[in-house]
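Contents: one structure, followed by commentary.
Quick caveat, the model's predicted, so the values are computed rather than measured. Note: hydrogens, waters and symmetry copies are ignored here, and every other heavy atom, side chains too, is used. Below, read A as the first sequence line, B as the second, and so on, with proteins coming before strands; counting in each chain starts at 1.
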There are 2 protein chains.
Amino acid sequence: MPEEHHPDHAPLELEHFLPYRLSILSNAVSQAIADDYQRRFDLSMTEWRVMAVLARFDGLSAREVAERTLMDKVAVSRALAKLVEAGWVTRATHDGDKRRSVLGLSETGWAVHEVVAPMARSHERDLLAKLDEEERTWLARILDKLQPVQPL
Amino acid sequence: MPEEHHPDHAPLELEHFLPYRLSILSNAVSQAIADDYQRRFDLSMTEWRVMAVLARFDGLSAREVAERTLMDKVAVSRALAKLVEAGWVTRATHDGDKRRSVLGLSETGWAVHEVVAPMARSHERDLLAKLDEEERTWLARILDKLQPVQPL
DNA sequence: ACGTTATAGTTACACATGAAACCATTTGCA
DNA sequence: TGCAAATGGTTTCATGTGTAACTATAACGT
């Protein structure tokens, strides 16, 4: 954090620049997790996010998946194409609105989820283990305040 | 943060999953800044990072830039090609090692830097303004502990 | 000195990603 | 009803990004 005020035009010190530090940390963490399930299931991060949200909310449409994952609909469409092809997600057409799809995890989709979810949680635990209880509490609070929008 | 332990196979709640929250926050922040200088200077995030590090450390080689920005050398090579082309970065050959390049900001490069650096700092200030002093202190400490590696 | 190995940097290729165009269906409203 | 506008979703195209191959130069070991 900027302790003293540097003149605004002074060279940016990236290693103390909050957005940069967040980016480095976030990428390292997400990539470590993604590497894990990519190797085991050839599953991209966007695909995993789609599966995760369908695990919680069965029967969503593609648009609703996009809203919940904060991904754009093109990304979701492509992820779904692969997931349906792989047999991990089922897609039906909504009664009474033939545009809408009705999505859900298949049996094997659930099986994948039951392997990947613990992997993800394990990485999260490793990360949080670097903090003590007090720090974890503050982190939760700080993230709540910084979080841009929190869509359900 | 996980308050009670869910069974490991229970559906992941993305909105409480730390790596996911970090990713959303980080992307939102970095993208907001990048949008700003992309519109004004047609400058990508990787290009800006190269400029920022050259502003602080004059005369680096491409490899050293890559180390300091944590980007890979291909990304740096491409960024440099555009920056040299745009006339914002100067490139010479190292005396005594014709492989190495010697990089620095040009006059106009500095001029760009003096516009972009304040924009970046301003975004950082906006972000930190959402926290009180105590939270900022904890955040600094927490990031230090979570930070994967801290290369100079 | 000379061949092997390592290093700096670029190029080529394959793949991911986002914006805009597009098709099908449904909704709103005259 | 019927037609314009909106919505769900896919496809297209242009661009970005990472991996591996490649070129040029330098360092190392004999």
Side-chain angles (χ1 to χ4, degrees), chain A residues 23-24 26-28 30-32 34-35 37-39 41-50 53-54 57 59-86 89-104, chain B residues 23-24 26-28 30-32 34-35 37-39 41-50 53-54 57 59-86 89-104:
Chain A
S23 168
I24 296 300
S26 164
N27 289 344
S30 288
Q31 201 47 58
D35 284 350
Y37 55 67
Q38 245 151 40
R39 273 206 326 279
F41 295 105
D42 185 30
L43 191 64
S44 75
M45 197 161 78
T46 62
E47 285 152 19
W48 165 245
R49 283 184 183 173
V50 168
V53 73
L54 287 179
F57 306 100
L60 293 185
S61 71
R63 190 185 55 74
E64 291 168 324
V65 169
E67 277 175 7
R68 284 217 157 67
T69 54
L70 295 184
M71 313 189 318
D72 74 76
K73 62 179 188 166
V74 178
V76 170
S77 171
R78 282 194 269 244
L80 284 171
K82 272 196 61 180
L83 293 171
V84 170
E85 165 70 22
V89 166
T90 59
R91 169 157 51 187
T93 301
H94 188 95
D95 309 356
D97 187 346
K98 293 174 201 155
R99 293 170 306 178
R100 221 165 274 179
S101 50
V102 178
L103 303 160
Chain B
S23 168
I24 297 301
S26 163
N27 289 344
S30 288
Q31 202 49 56
D35 284 351
Y37 54 67
Q38 243 150 42
R39 273 205 328 279
F41 294 105
D42 186 30
L43 192 62
S44 76
M45 197 163 76
T46 62
E47 285 151 19
W48 164 244
R49 283 184 183 172
V50 169
V53 74
L54 286 179
F57 306 100
L60 293 186
S61 71
R63 188 185 56 75
E64 291 168 324
V65 169
E67 278 174 9
R68 284 217 156 66
T69 54
L70 294 184
M71 315 190 315
D72 74 76
K73 61 179 188 166
V74 177
V76 170
S77 172
R78 282 194 270 244
L80 284 171
K82 272 195 61 180
L83 293 171
V84 170
E85 166 70 20
V89 166
T90 60
R91 171 156 50 186
T93 303
H94 188 96
D95 308 355
D97 187 346
K98 292 174 201 156
R99 295 171 303 179
R100 220 163 275 176
S101 50
V102 179
L103 304 160

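Distance from the side chain of Arg99(A) is smallest for dT26(C) among the nucleotides dG9(C), dA12(C), dT26(C). The nucleotide whose nearest atom lies closest to any side-chain atom of Ser61(A) is, among dG9(D), dG9(C), dT11(C), dG9(D). Closest to the side chain of Asp97(A), out of dT25(C), dA20(C), dA8(C), is dT25(C). Checking dG8(D), dG9(C), dT19(D) against the side-chain heavy atoms of Arg63(A) singles out dG8(D) as nearest. The side chain of Asp72(B) approaches dT19(D) more closely than any other nucleotide in the set dT19(D), dG18(C), dA8(C).
For dT10(D), the OP1/OP2 oxygens have a side-chain nitrogen or oxygen of Ser77(A) closer than 4.0 Å.
Distance, His94(B) NE2 to dG9(C) P: 11 Å, rounded to whole Å. Atom CG in Leu103(B) sits about 13 Å away from atom P in dA8(C), given to the nearest Å. Computed from coordinates, the Arg49(B) CZ to dT17(D) C1' distance equals 14 Å when rounded to whole Å. Remark: P of dT7(C) and CD of Glu64(B) are 14 Å apart, rounded to the nearest angstrom. Note: CD (Gln38(A)) to P (dA16(C)) measures 9 Å, nearest angstrom. Arg100(A) places its CZ atom 22 Å from the P atom of dC23(C), with the value rounded to the nearest Å. What separates CE of Met71(B) from P of dG16(D) is a distance of 14 Å, to the nearest Å. The distance between atom CG of Asn27(A) and atom P of dT17(D), rounded to the nearest whole Å, is 12 Å.
Remark on DNA chain C: of its neighbouring residues Gly96(A) and Ala75(A), the 5'-side contact belongs to Ala75(A), judged by nearest-heavy-atom nucleotide. Nearest-nucleotide positions on DNA chain C for Lys82(A) and Leu80(B) put Leu80(B) closer to the 5' end.
Looking at Arg78(B), its side chain has no donor and acceptor atom pair within 3.5 Å of the base of dG9(C).
The side-chain heavy atoms of Glu47(A) and Val50(A), taken from C-beta on, include no pair separated by under 4.5 Å.
Within 4.0 Å (heavy atoms only), Lys73(A) reaches at least one base atom of the nucleic acid. When heavy atoms are screened at a 4.0 angstrom cut-off, Ser101(A) is found touching the sugar-phosphate backbone but no base atom. No engagement by Ser44(B) is indicated, since no non-hydrogen atom pair under 4.0 Å with the nucleic acid exists.
By the 4.0 Å N-to-carboxylate-O rule, Glu64(B) lies too far from Arg68(B) to be salt-bridged with it.
At distances below 3.5 Å, at least one donor-acceptor pair connects side-chain atoms of Thr90(B) with backbone N or O atoms of Gly104(B).
Counting only N and O atoms by type, the side chains of Arg49(B) and Ser23(A) include a donor and acceptor under 3.5 Å apart.
When the options Leu83(A), Val76(A), Val65(A) are evaluated for a side chain to side chain contact (heavy atoms under 4.5 Å, CB included) with Leu103(A), the one that passes is Val65(A).
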